[in-house]
**Student:** 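Below is one structure. I have some questions about it.
Numbers restart at 1 for each chain; the letters A, B, ... are given by sequence-line order, proteins then strands. These numbers were taken from a predicted model, which means no experiment stands behind them. Hydrogens, waters and symmetry mates play no part in the numbers below; they use all other heavy atoms, side chains included.
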2 protein chains.
Amino acid sequence: MAQSQSDALLDIGQLLKATRKGRQLTQEQVADIAGISRPRYREIEAGSSAARTTTLINIARALGLELMLVPQAMVPAVDALLRPHDDLDDFPAFVAHPDGDLGV
Amino acid sequence: MAQSQSDALLDIGQLLKATRKGRQLTQEQVADIAGISRPRYREIEAGSSAARTTTLINIARALGLELMLVPQAMVPAVDALLRPHDDLDDFPAFVAHPDGDLGV
DNA sequence: CGTGAATGATATGTAAATGGATCTTATTTT
DNA sequence: AAAATAAGATCCATTTACATATCATTCACG
């Protein structure tokens, strides 16, 4: 059916890593701004640990991202809006991807 | 500057509650689908405790929502896309709102 | 009114996130 | 190549998420 929690964590980690590199920041810098330790940020980026909601929000903001909860039916539209995001720096937008197999 | 973590949790809780009521589900039903206990879901909905990332994803999905990480610069656009969402049932879309005071 | 369902709220115990220290292994940089 | 910096990885102590049980309160409805 869909992505397991582990997969979601891995995906989030990948996005964080890609965004961080796009911003040319070190793990320590991001961890610092987000107010967590580097070992912890490392685990979150590696997807081997499920951060608290508040921690994830802090990390996201440290990277210039915002956490949003979007109606599943709107995900494709939002995705489409985000993809052609060719700015100075472009990061992929993360979706928790149930799979994409909604009957939209 | 911006929203504290506590405020973010309260906002998330409000969205969850509004969405749940829109879907006419009980706390127990959502908790059940999300795989957590009712007291636990109650606390998260009340914003008095920060769920793990995986838990939040599960709850969101139980309510037909998806967790997304969006570049802050794109938040207004996504918000605009989400607001006129007058479907069969319409839920507000959550944003972790740093405040809206980005120089966009 | 009163009966039951939904919700608010708390307590105890377990599991997992987090911080801090430390060590190793890349990856740069000079 | 050596030095420095970043990243991978593991340990222990503390905090907190979460389950389960329980009771109070509110709310819908006959």
**Student:** Apply the test side chain to side chain contact (heavy atoms under 4.5 Å, CB included) to residues Ile12(B) and Leu56(B): give CA-CA distance (whole Å), side-chain angles for both, the deciding distance (0.1 Å), then the verdict.
**Tutor:** CA-CA 10 Å; Ile12(B) 291 176; Leu56(B) 181 61; 4.1 Å; yes
**Student:** Do Ile33(A) and Ile57(A) sit in one hydrophobic cluster, given that two such residues count as connected whenever their side-chain heavy atoms are within less than 4.5 Å of each other, even indirectly?
**Tutor:** no
**Student:** Let's see if you can work this out: which of dT18(C), dT7(C), dA7(D) has an atom nearest to the side-chain heavy atoms of Arg20(B)?
**Tutor:** dT7(C)
**Student:** Expressed as a whole number of angstroms, how long is the span from Glu28(A):CD to dT28(C):C1'?
**Tutor:** 16 Å
**Student:** Tell me what Ser37(B) touches on the nucleic acid: a base, only sugar-phosphate, or nothing, going by heavy atoms under 4.0 Å.
**Tutor:** base
**Student:** How do Ser48(B) and Pro39(B) order along DNA chain D: which one's closest nucleotide is nearer the 5' end?
**Tutor:** Ser48(B)
**Student:** If the cut-off is 4.0 Å, is Lys17(A) near the phosphate of dG8(D), judged by side-chain N/O to OP1 or OP2?
**Tutor:** yes
**Student:** Do Arg40(B) and Ser49(B) have side-chain atoms, one donor and one acceptor, less than 3.5 Å apart?
**Tutor:** yes
**Student:** Rounded to whole Å, please give me the gap between CD1 in Ile57(B) and P in dA17(D).
**Tutor:** 17 Å
**Student:** Please report, rounded to the nearest Å, how far the P atom of dT14(D) is from the CZ atom of Arg40(A).
**Tutor:** 16 Å
**Student:** What is the distance from CD of Gln27(B) to C1' of dG8(C), rounded to the nearest Å?
**Tutor:** 8 Å
**Student:** Let me know the distance between CD1 of Ile36(B) and P of dT16(D), rounded to the nearest Å.
**Tutor:** 19 Å
**Student:** Between dA6(D) and Gln29(A), is there an OP1 or OP2 to side-chain N/O distance shorter than 4.0 Å?
**Tutor:** no
**Student:** State whether Thr55(B) places a side-chain N or O below 4.0 Å from either non-bridging phosphate oxygen (OP1 or OP2) of dC18(D).
**Tutor:** yes
**Student:** Below 3.5 Å, does any donor atom in the side chain of Arg38(A) face an acceptor in the base of dG20(C), or the other way round?
**Tutor:** no
**Student:** What is the distance, to the nearest angstrom, from the CG atom on Leu25(A) to the C1' atom on dA6(D)?
**Tutor:** 13 Å
**Student:** Just checking Ala46(B): base, sugar-phosphate only, or nothing, at a heavy-atom cut-off of under 4.0 Å?
**Tutor:** nothing
**Student:** Where do Met68(A) and Val78(A) land on the side chain to side chain contact (heavy atoms under 4.5 Å, CB included) test, with the steps shown first?
**Tutor:** CA-CA 11 Å; Met68(A) 297 187 71; Val78(A) 175; over 6 Å; no
**Student:** Distance check needed: dT27(C) C1' versus Gln24(A) CD, whole Å only.
**Tutor:** 15 Å
**Student:** Think Arg42(B) has a side-chain N or O under 4.0 angstrom from the OP1 or OP2 of dA9(C)?
**Tutor:** yes
**Student:** Are the side chains of Ser4(B) and Asp7(B) in touch, meaning some heavy atoms are under 4.5 Å apart?
**Tutor:** yes
**Student:** Expressed as a whole number of angstroms, how long is the span from Glu43(B):CD to dA19(D):P?
**Tutor:** 10 Å
